[in-house]
Amino acid sequence: MSTLTLYNTRTRAKAPFMPIDPENVRAYLCGPTVYDRAHIGNARNVVIFDVLIRLLRRLYPKVTYVRNITDVDDKINIRAQERGVSIEEVTAGPIRWYHEDMAALYTLPPDIEPRATAHMAEIIAIIEKLIRNGHAYEAQGHVLFSVASDPDYGKFSGRTPDELIAGARVDVADYKRDAGDFVLWKPSTPDLPGWESPWGYGRPGWHIECSAMSWRHLGESFDIHGGGDDLIFPHHENEIAQSCCAFPGSHYANVWVHNRMLLVNGEKMSKSLGNFLVLHEVLEKAPGEAVRFMLMRAHYRQTLDFSDAGLAEARKELDRFYRAIQLHPNAREREVPLHLIWDALLDDLNTPAAIAALHKYADLAFAGNEVGAVALKAAGKLLGLFNVSPEEWFRGGIDEAAIEGLVAQRVLARIAKDFAESDRIRDVLLKDHGVIIEDGPKNSYTIRKA
RNA sequence: GGUCCGGUGGCAGAGUGGUGAUGUAGCGGACUGCAAAUCCGUGAAUGUGGGUUCGAUUCCCGCCCGGACCUCCA
């Protein structure tokens, strides 16, 4: 099998992927902070990483996929205080929703889904190491990472310390030695969630959580770390600083895979614009597979515009694939050449090229070649597509009983060559039942949802 | 202001130093009572000005336009 090539944010270049341990590829994805429903941007991230994980599983005997849940965070605390409930009560719903939404997109669950609140021992251990190494200091109940202590700080995101200071827009807290120093541990008042620590009752900073969870489950160094490109700075820069300083000689993640942000109907998603697309709401209007497909239509390192028109096109493309599959119901799974899709995916997850390959296979299937249908199914599986049968795809959700009579009447009308009546019924089926009826030879017909 | 990324047919979206994928939409045709689907055919693009080169959409520089990050953010 050929080699997977990935673009690595750390080196700003594409390079062949070389696992630390080919017997166990270890990957970490920054998961959600669970205070609300996931939005469509969260979904792109997970879908892209899902494609990567599926690919790695074909290439290597074992892949350990870790995706964390940040379940302690100031946004969560605020919700808890507003509602007068515990943070567990705030996070339980969003965690459940997250699992439901991601399953609806046919993304594979991670092998390990660690929660920050269950890793306080690791968090405290790393902070203690950093203090011992001279990379962190305690000040007014806080523990801060000292960016000046790390000569490599800023290299990952391509920033110099001067830029970081110049760019600091927020008033610098007086307990910070450097404007760029960031919090590892902060004190909690009794009304806030907290844990006992060598520095008193408090809670962790955000960045340290990922360092602790990846360390516990993947070790000091691992293969791939993913996330949205907005996390490059400061989150990932800080993770690297914490982990590399706590574990001298380690590299933290070798390869960094960052996806670009998503636009919605040409605009950045933001609460002020009121165009925050909640994934759950999108999934009520479109099949999960169409949403998934839509998110793969642009290369992951390219801005993707999530538009209604795009979603409609995604559905049409999937319609075409399912038709091609449906044409060969007895096609049996077997080894078929899949160079086109493999070449596309191995080249830095080129999903648009992979989709073009799918269309080539569909062309073959439509031309009557069963191998095309077999290849299409196999290639789709690689991308996490075709999770339902063509029948389910086209007819799922149709109330067959409700239209039975109309359909029968229309058959009779067509036999009687009463085309005015048959067209009227076709119209009613579409308008009142959302069903498209298509005629075949000898008064046969097929139905599908509009 | 600093750093970075991008501008490809109506729209979406790949790739490439040498006849510019793929989808969708359009147009003509076959098929159909008509549609739909499918098939055949067809028109349609590399922001702009320079440079390098036998040759640039691809490499380099300027300009214009758009976006991201620098602050919580996938």
Side-chain angles (χ1 to χ4, degrees), chain A residues 9 12 29-33 35 38-49 70 73-75 78 154 157-160 162-171 180 206 226-235 237 258-263 266-271 276 279 293-294 296-305 307 309-321 323-324 326-327 340 344 347 350-360 362-363 365-368 394 413-414 417-420 422-423 426-427 430 436-441 445-448 450:
Chain A
T9 306
R12 316 267 161 176
L29 178 66
C30 282
T33 299
Y35 63 97
H39 60 253
I40 188 74
N42 298 298
R44 158 122 107 152
N45 189 286
V46 178
V47 166
I48 290 300
F49 216 71
T70 297
D73 170 273
D74 284 349
K75 279 185 287 250
I78 290 166
S157 56
R159 276 154 233 264
T160 65
D162 293 346
E163 284 167 10
L164 291 170
I165 292 161
R169 292 189 212 159
V170 182
D171 288 339
W206 176 40
D229 74 352
D230 56 339
L231 295 185
I232 293 171
F233 188 88
H235 187 52
E237 182 78 60
H258 287 102
N259 62 280
R260 275 279 183 74
M261 298 293 99
L262 195 64
L263 301 178
E267 292 179 314
K268 188 190 170 174
M269 264 198 300
S270 73
K271 285 182 177 149
F276 232 78
L279 181 54
F293 190 78
M294 165 88 213
M296 303 193 302
R297 291 178 85 223
H299 186 88
Y300 74 92
R301 286 191 288 112
Q302 214 60 51
T303 305
L304 168 65
D305 187 11
S307 65
L311 191 56
E313 276 192 32
R315 260 195 78 176
K316 281 185 188 174
E317 285 191 71
L318 284 168
D319 281 349
R320 181 171 139 83
F321 296 143
R323 265 186 209 110
Q326 199 169 31
L327 210 55
L340 281 177
D347 181 15
N350 190 336
T351 50
I355 290 169
L358 253 41
H359 282 288
K360 295 275 189 207
D363 286 343
F366 282 125
F394 288 117
R414 293 192 68 225
K417 302 217 184 297
D418 184 353
F419 296 121
S422 98
D423 289 352
R426 182 163 62 192
D427 210 42
L430 179 61
I436 293 169
I437 187 160
E438 296 168 350
D439 299 322
Y445 63 88
T446 56
I447 59 170
R448 64 185 167 96

Closest nucleotide among B/rG6, B/rC72, B/rC69 to the A/Gln302 side chain | B/rG6

Could you state the CZ-C1' distance from A/Arg260 to B/rC5, rounded to the nearest angstrom?
-> 4 Å

Can you tell me how far C1' in B/rA45 sits from the matching atom in B/rA12, rounded to whole Å?
-> 13 Å

A/Ile232 CD1 - B/rC5 C1' separation (whole Å) = 10 Å

Go through B/rU22, B/rC34, B/rA74 for me and flag the one nearest to the A/Asp439 side chain.
-> B/rC34

Base of B/rA74 paired with side chain of A/His258 (donor-acceptor, under 3.5 Å) | no

Give me, pair by pair, the N or O atoms of the protein and of nucleotides 37-45 of chain B that are less than 3.5 Å apart, along with how far apart they are.
from: B/rA37; atom 1: O3'; to: A/Arg323; atom 2: NH1; distance (Å): 3.4

Assert: residue with more 5' nearest nucleotide on RNA chain B, out of A/Ala356 and A/Arg297, is A/Arg297

Length of the line joining A/Phe293:CZ and B/rG13:C1', which is rounded to integer Å | 11 Å

Round to the nearest Å and state the distance from A/His359 atom NE2 to B/rA12 atom C1'.
-> 11 Å

Could you say whether A/Arg44 or A/Leu304 is positioned toward the 5' end of RNA chain B, judged by the nucleotide with the nearest heavy atom to each?
-> A/Leu304

Side-chain contact, heavy-atom cut-off 4.5 Å: A/Val47 with A/Met296?
-> yes

Backbone N/O of A/Ala354 and side chain of A/Thr351: donor-acceptor pair under 3.5 Å | no

Between A/Trp206 and A/His235, what is the ring plane arrangement, given parallel below 30°, perpendicular above 60°, and tilted in between?
-> parallel

Using a 4.5 Å cut-off on heavy atoms from C-beta on, say whether the side chain of A/Leu279 contacts that of A/Asn42.
-> no

May I have the distance from A/Leu262 (atom CG) to B/rC73 (atom P), rounded to whole angstrom?
-> 18 Å

Inter-nucleotide P distance (B/rG13, B/rU38), Å rounded | 23 Å

Non-hydrogen side-chain atoms of A/Leu263 and A/Leu304 separated by less than 4.5 Å | no

On a whole-Å scale, what distance lies between the C1' atoms belonging to B/rU16 and B/rU3?
-> 29 Å

Touch check for A/Arg414, heavy atoms < 4.0 angstrom, all strands: base, sugar-phosphate only, or nothing?
-> base

Residues passing the ring-ring contact (aromatic ring centres under 6.0 Å, His included) test with A/His299, sequence neighbours excluded, are none

Within the distance-only criterion (no hydrogens, no angle test), does the side chain of A/Asn350 pair as donor or acceptor with the backbone N or O of A/Ala353 below 3.5 angstrom?
-> yes

Hey, is the side chain of A/Arg426 pairing donor to acceptor with the base of B/rC34 inside 3.5 Å?
-> yes

With sugar-phosphate meaning primed atoms plus P, OP1 and OP2, does A/Ile355 contact a base, only sugar-phosphate, or nothing at under 4.0 Å between heavy atoms?
-> nothing

Where the side chain of A/Glu438 meets the backbone of A/Thr446, is there a donor-acceptor pair that is under 3.5 Å apart?
-> no

So, does A/Arg44 use its side chain to make a donor-acceptor pair with the main chain of A/Arg260 at under 3.5 Å?
-> yes

Taking only Lys NZ, Arg NE, NH1 and NH2, and the carboxylate oxygens of Asp or Glu, determine whether A/Asp423 and A/Arg426 approach each other closer than 4.0 Å.
-> yes

For A/Ala309, report the nucleic acid contact type (base, sugar-phosphate, nothing); a contact means any heavy atom under 4.0 Å.
-> nothing

Is A/Ser422 touching bases, backbone alone, or none of the nucleic acid, heavy atoms closer than 4.0 Å?
-> base

If the P atom of B/rG6 is compared with that of B/rG47, how far apart are they to the nearest Å?
-> 13 Å

Rounded C1' spacing from B/rU48 to B/rC64 in Å | 7 Å

Minimum side-chain heavy-atom gap A/Ile232-A/Glu237 below 4.5 Å | no

Candidate nucleotides B/rC5, B/rC69, B/rC34, ranked by approach to the side chain of A/Asp230 - the nearest | B/rC69

Sequence neighbours excluded, which residues qualify as side-chain hydrogen bond (donor to acceptor under 3.5 Å, both in side chains) partners of A/Glu313?
-> A/Arg297

Considering only heavy side-chain atoms of A/Glu313, the closest of B/rA74, B/rC73, B/rC11 is B/rC11

A/Ile40 CD1 to B/rA74 C1': how many Å, rounded?
-> 11 Å

Check every atom of B/rA68, B/rA74, B/rU22 against the side chain of A/Lys360 and return the nucleotide holding the closest atom.
-> B/rU22

Please determine if a side-chain N or O atom of A/Lys316 lies less than 4.0 Å away from the OP1 or OP2 oxygen of B/rA12.
-> no

Side chain proximity check, A/Arg320 to A/Phe366, heavy atoms < 4.5 angstrom = yes

Write down the distance separating the P atoms in B/rU46 and B/rU8, rounded off to the nearest Å.
-> 10 Å

Distance, rounded to the nearest Å, where A/Arg12 contributes CZ and B/rU3 contributes P = 13 Å

Please identify each residue that fulfils ring-ring contact (aromatic ring centres under 6.0 Å, His included) with A/Tyr300, with sequence neighbours left out.
-> none

Close side-chain approach of A/Phe293 and A/Ile355, heavy atoms under 4.5 Å | yes

Return the value, rounded to whole Å, for the distance between atom CG of A/Leu263 and atom C1' of B/rG6.
-> 12 Å

Rounded C1' spacing from B/rG9 to B/rG20 in Å | 10 Å

Atom P, compared across B/rA14 and B/rU22: separation rounded to whole Å = 15 Å

Between the protein and nucleotides 15-18 of chain B, which nitrogen or oxygen pairs are less than 3.5 angstrom apart?
none

A/Leu327 near the nucleic acid: base, sugar-phosphate alone, or nothing, with a heavy-atom cut-off under 4.0 Å?
-> nothing

Tell me what A/Asp74 touches on the nucleic acid: a base, only sugar-phosphate, or nothing, going by heavy atoms under 4.0 Å.
-> nothing

RNA chain B in dot-bracket form (Watson-Crick or G-U pairs under 3.5 Å, [ ] crossing, | inter-strand) is (((((((..(((.....[...))).(((((.......)))))....(((((..]....))))))))))))....

When we call it a touch if two heavy atoms are under 4.0 Å apart, what does A/Gly227 touch: a base, just sugar-phosphate, or nothing?
-> sugar-phosphate

